[in-house]
Amino acid sequence: QVQLVESGGGLVQAGDSLRLSCAASGRTLSNYHMGWFRQAPGKEREFVAAIRSSGRSTYYADSVKGRFTISRDNAKNTVYLQMNSLKPEDTAVYYCAAGYTYSTMSQDYDYWGQGTQVTVSS
């Protein structure tokens, strides 16, 4: 079992930046591919970004490509999501997830954090 805890969310203005962190405990994160997902009110959970266990490959949703960067520090057992040029449509609860499959699909991830709220005002 691995436990994930997200942090770093908050209320910002359009154009601002935030960095989300996802800290793991229980098992080393280096065993897992990691993903970030988000869910806005009334909408389904959607893929944001993924990173391989090695950190050598990343993948982004088109809606965040060029603005968001996923990274990981396996020594610190932490994954990050740097979010720049935030837009009101980025408002959502952001979740990190760990799994054995490098995927954009939420069902491929086995462990989830509780989420952190990001609100972007216009």
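Numbers for residues simply follow the sequence, beginning at 1.
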| Can you check whether Phe37 and Tyr95 have ring centres sitting under 6.0 Å from each other? | no
With [X] via salt bridge (Lys or Arg N to Asp or Glu O under 4.0 Å) - residues at least two apart:
| X | answer |
| --- | --- |
| Arg67 | Asp90 |
| Lys65 | Asp62 |
| Glu46 | Arg38 |

Practice prompt. Only pairs at least two apart or in different chains count here, so list each disulfide (SG to SG under 2.5 Å) that has a residue in residues 92-122.
Written response: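 Sorted pair list: Cys22-Cys96.
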Can you pull out every disulfide (SG to SG under 2.5 Å) where at least one residue sits in residues 39-86? Sequence neighbours excluded, please.
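Those involving residues 39-86 do not exist here.
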A quick test of your reading: do over 12 heavy atoms of other residues, nucleotides or ligands sit less than 6.0 Å from CD of Gln1? no
For Gly9 and Thr116 the tightest heavy-atom approach is N-OG1, 3.2 Å
Closer than 3.5 angstrom, by distance alone: can the side chain of [X] be matched with the main-chain N or O of [Y] as a donor-acceptor pair?
| X | Y | answer |
| --- | --- | --- |
| Tyr32 | Thr101 | no |
| Tyr109 | Tyr100 | no |
| Glu6 | Gln114 | yes |

Mind checking what makes side-chain hydrogen bond (donor to acceptor under 3.5 Å, both in side chains) contact with [X], not counting sequence neighbours?
| X | result |
| --- | --- |
| Thr119 | Gln117 |
| Thr28 | Ser30 |
| Gln39 | none |
| Tyr59 | none |

Evaluate Leu20 against Trp36 for side chain to side chain contact (heavy atoms under 4.5 Å, CB included), listing each step before the verdict.
CA-CA 10 Å; Leu20 305 183; Trp36 283 97; 3.7 Å; yes
Query raised in the report: What pairs with Phe68 under ring-ring contact (aromatic ring centres under 6.0 Å, His included), at least two apart in sequence or on another chain?
Result: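 Testing Phe68 for ring-ring contact (aromatic ring centres under 6.0 Å, His included), a comparison that skips the adjacent residues, returns none.
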Indicate every side-chain donor-acceptor pair of residues 79-87 with a distance under 3.5 Å to a residue at least two apart or in another chain.
{"residue": "Gln82", "atom": "NE2", "partner": "Asn84", "partner atom": "OD1", "Å": "2.9"}
{"residue": "Asn84", "atom": "OD1", "partner": "Ser17", "partner atom": "OG", "Å": "2.9"}

| query | Can you list every side-chain hydrogen bond (donor to acceptor under 3.5 Å, both in side chains) pair that touches residues 69-78, not counting sequence neighbours? | reply |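 Residue pairs with at least one partner in residues 69-78: Arg72-Asn74.
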